[in-house]
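Working notes, structure below.
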Amino acid sequence: MTPPATPPALPPRAQAMILAAGRGARMQPLTDHTPKPLLPVHGKPLLQWHLEALQQAGVGHALINTGWLGEQIAHRWGDGLHSAHGSLHLQYSREDLDFGAGIETAGGIARALPRLEDTFWLVAGDAFMPGWQFDEAQRARFGSSPLLAHLWLVPNPEHHPQGDFGLGADGLAINPASCGAAQPLPETLYTYSGLALLRRELFQSPWCDIPAGNPQGVAQPLAPLLRKAMDAGRVSAELYRGPWVDVGTPARLATVNAPDHSHHYL
């Protein structure tokens with residue numbers, strides 16, 4: 001009798017997730033045939049800046065979710081980056097194949113959750129942060145805390161002057177929608193950079209009602225989950241003042257790539 005075949009080993013869970021599933025509609029026509037994470041910034045794809053930073057920090061496994069033209073992203077990096085800096089092994093959550101399109105941030109994270117570690121980095125593929133260095137020791141400290149999320153906030157750019165969240169003196173993030181007599185609205189609100197540390201628990205009840213693994217591809221944004229956790233005092237934040245650009249339009253891409261700006265990043 002032939003023994004049953006041994007099931008293939010599952011890959012190690014990823015310590016980081018990079019969001020790369022968006023359509024990039026504001027970036028048209030540049031994104032008509034090229035996914036936004038592959039648009040060049042100072043000679044290499046925008047997404048590669050994050051991948052190299054993860055690799056240099058010693059992160060061994062990362063996951064990229066894909067939507068629009070996702071096959072180009074998977075083909076570009078294959079199973080990962082391998083160099084003298086070490087190996088960053090890559091997995092892909094192919095929302096484009098599974099559901100025909102991206103399923104928003106929380107939906108995509110919930111879909112990938114079985115393949116992520118209990119605490120993980122989250123970074124937006126269109127956030128250009130060339131001076132950023134991932135710190136695995138910080139992820140370990142976050143993992144030993146009761147927090148559900150830790151966010152990096154930035155001073156408000158011209159295209160988003162209203163900001164997103166406040167930052168309390170205690171280091172906790174403030175949901176401005178919940179401010180009132182008991183908690184006055186902070187004088188300054190900041191913009192969420194697209195970079196965070198998250199805990200898997202944030203994508204379970206009572207914070208998130210999407211079933212484990214999101215088998216139906218429910219589309220849901222991340223902000224409502226963060227606001228709910230902020231109201232419970234379980235989201236911290238810090239202000240990041242290094243170079244940061246939300247590369248969301250052709251004009252911003254051109255500005256970032258302008259020769260007189262390159263010295264800020266390289």
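The closest side-chain heavy-atom distance from Trp244 to Pro130 is not below 4.5 Å. The shortest side-chain heavy-atom distance between Pro250 and Met27 falls under the 4.5 Å cut-off. At a threshold of 4.5 Å between non-hydrogen side-chain atoms, the residues Leu202 and Lys228 do not count as touching. Two residues are said to be in side-chain contact when any heavy atoms from C-beta on lie closer than 4.5 Å; Asp231 and Ser178 meet this criterion. Looking at heavy atoms from C-beta onward, Leu253 lies in side-chain contact with Val41 at the 4.5 angstrom threshold.
Interatomic distance, CG of Leu189 versus SG of Cys179, reported as 8.0 Å (0.5 Å rounding). Note that OG of Ser93 is 5.0 Å distant from CZ of Arg115, once rounded to the nearest 0.5 Å. The line from CD of Gln48 to CD of Gln55 is 9.0 Å long, rounded to the nearest 0.5 Å.
Here the closest non-hydrogen pair linking Tyr240 and Pro155 is O-CD, 3.6 Å. Between Ile103 and Glu95, the closest heavy-atom pair is N-OE1, 2.9 Å. Summarising the geometry of Ile18 relative to Leu54, their closest heavy-atom pair is CD1-CD1, 3.8 Å, with the distance given to 0.1 Å. Taking both residues in full, the closest heavy atoms of Leu148 and Ala229 are given as CD1-CB, 3.9 Å, listed atom of the first, atom of the second, then distance. The two atoms that bring Val247 and Lys36 nearest to each other are O-CD, 3.5 Å, heavy atoms only. Pairing each heavy atom of Leu88 with each of Leu51, the nearest pair is CD2-O, 3.4 Å.
Arg200 contributes no side-chain N or O that, together with a main-chain N or O of Thr119, makes up a donor-acceptor pair within less than 3.5 Å. When atom types are taken as modelled, the side chain of Asn214 and the backbone of Val218 share a donor-acceptor pair closer than 3.5 angstrom. A donor-acceptor pair under 3.5 Å links the side-chain atoms of Asn65 to the main chain of Ala20, judged by distance alone. In this structure a side-chain-to-backbone donor-acceptor pair under 3.5 Å is present from Arg199 to Leu147. Without hydrogens or angle criteria, His50 side chain to Ala127 main chain gives a donor-acceptor distance under 3.5 Å. Under the 3.5 Å distance criterion, the side-chain polar atoms of Asp246 are left unmatched by any main-chain donor or acceptor of Ser193. With Asn156 contributing its side chain and Thr191 its backbone, the two residues share a donor-acceptor pair below 3.5 Å. At least one donor-acceptor pair under 3.5 Å links the side chain of Thr31 to the backbone N or O of Gly24. A donor-acceptor pair under 3.5 Å is absent between the side-chain atoms of Asp126 and the main chain of Gly248, judged by distance alone.
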Task: Stepwise side-chain contact (heavy atoms from CB on, under 4.5 Å) test for Leu90 and Leu63 - done: CA-CA 6 Å; Leu90 293 176; Leu63 182 145; over 6 Å; no
Open item on the list: Please evaluate residues Leu197 and Leu122 with respect to the criterion side-chain contact (heavy atoms from CB on, under 4.5 Å), reporting the C-alpha separation (whole Å), side-chain torsions for both, the decisive distance (0.1 Å), and the verdict.
Closed with: CA-CA 6 Å; Leu197 280 166; Leu122 180 77; over 6 Å; no
- [ ] Start with the C-alpha distance between Leu198 and Phe142, add both sets of side-chain angles, then the distance that settles side-chain contact (heavy atoms from CB on, under 4.5 Å), and finish with yes or no.
- [x] CA-CA 9 Å; Leu198 299 179; Phe142 171 75; 5.6 Å; no
Open item on the list: Run Arg234 and Glu201 through salt bridge (Lys or Arg N to Asp or Glu O under 4.0 Å) and show every step you take.
Closed with: CA-CA 11 Å; Arg234 297 189 65 183; Glu201 183 186 345; 3.5 Å; yes
- [ ] Could you give me the CA-CA distance, side-chain angles and deciding distance for Leu47 and Leu38, then say whether side-chain contact (heavy atoms from CB on, under 4.5 Å) is met?
- [x] CA-CA 6 Å; Leu47 187 61; Leu38 292 188; 5.6 Å; no
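With hydrogens and angles left out, the side-chain atoms of Thr66 and Arg94 include a donor and acceptor closer than 3.5 Å. Between the side chains of Thr34 and Gln72, no donor-acceptor pair of N or O atoms lies under 3.5 Å.
Counting non-hydrogen atoms of other residues, nucleotides and ligands closer than 6.0 Å to CD of Gln162 gives a total above 12. Around atom CD of Gln28, more than 12 heavy atoms belonging to other residues, nucleotides or ligands sit under 6.0 Å away.
Linking Ile, Leu, Val, Met, Phe, Trp and Tyr whenever their side-chain heavy atoms come within less than 4.5 Å leaves Tyr92 and Leu69 in two separate clusters. Note: the hydrophobic cluster containing Met17 does not contain Phe134 (ILVMFWY, side chain heavy atoms under 4.5 Å, direct or indirect links). Grouping the Ile, Leu, Val, Met, Phe, Trp and Tyr side chains by contacts below 4.5 angstrom, directly or via other members, places Ile73 apart from Ile109. Under the 4.5 Å side-chain contact rule for hydrophobic residues, Ile174 and Leu153 do not share a cluster. There is no path of hydrophobic side-chain contacts, each under 4.5 Å, that joins Val245 to Leu19.
Between Glu117 and Arg139, at least one side-chain nitrogen of the basic residue sits less than 4.0 Å from a carboxylate oxygen of the acidic one, meeting the salt-bridge criterion. Salt-bridge formation is not detected for the pair Arg252/Glu158: no Lys NZ or Arg NE/NH1/NH2 atom is positioned less than 4.0 Å from an Asp or Glu carboxylate oxygen. Between Asp96 and Arg23, none of the side-chain N atoms (NZ, or NE/NH1/NH2) sits under 4.0 Å from a carboxylate O, so this pair counts as no salt bridge.
Remark: His61 engages His89 in a ring pair (Phe, Tyr, Trp, His ring centres under 6.0 Å) (not counting sequence neighbours).
Contacts classified as ring pair (Phe, Tyr, Trp, His ring centres under 6.0 Å) and involving residues 145-167 (residues at least two apart or in different chains) are given here: Trp121-Trp152, Trp132-Trp152, His150-Trp152.
Ring centroid separation for the pair Trp49 and Phe128 comes in under the 6.0 Å cut-off.
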Going by atom type alone, with no hydrogens or angles, which donor-acceptor pairs under 3.5 Å involve a side-chain atom of residues 203-211 and a protein atom two or more places apart or on another chain?
none

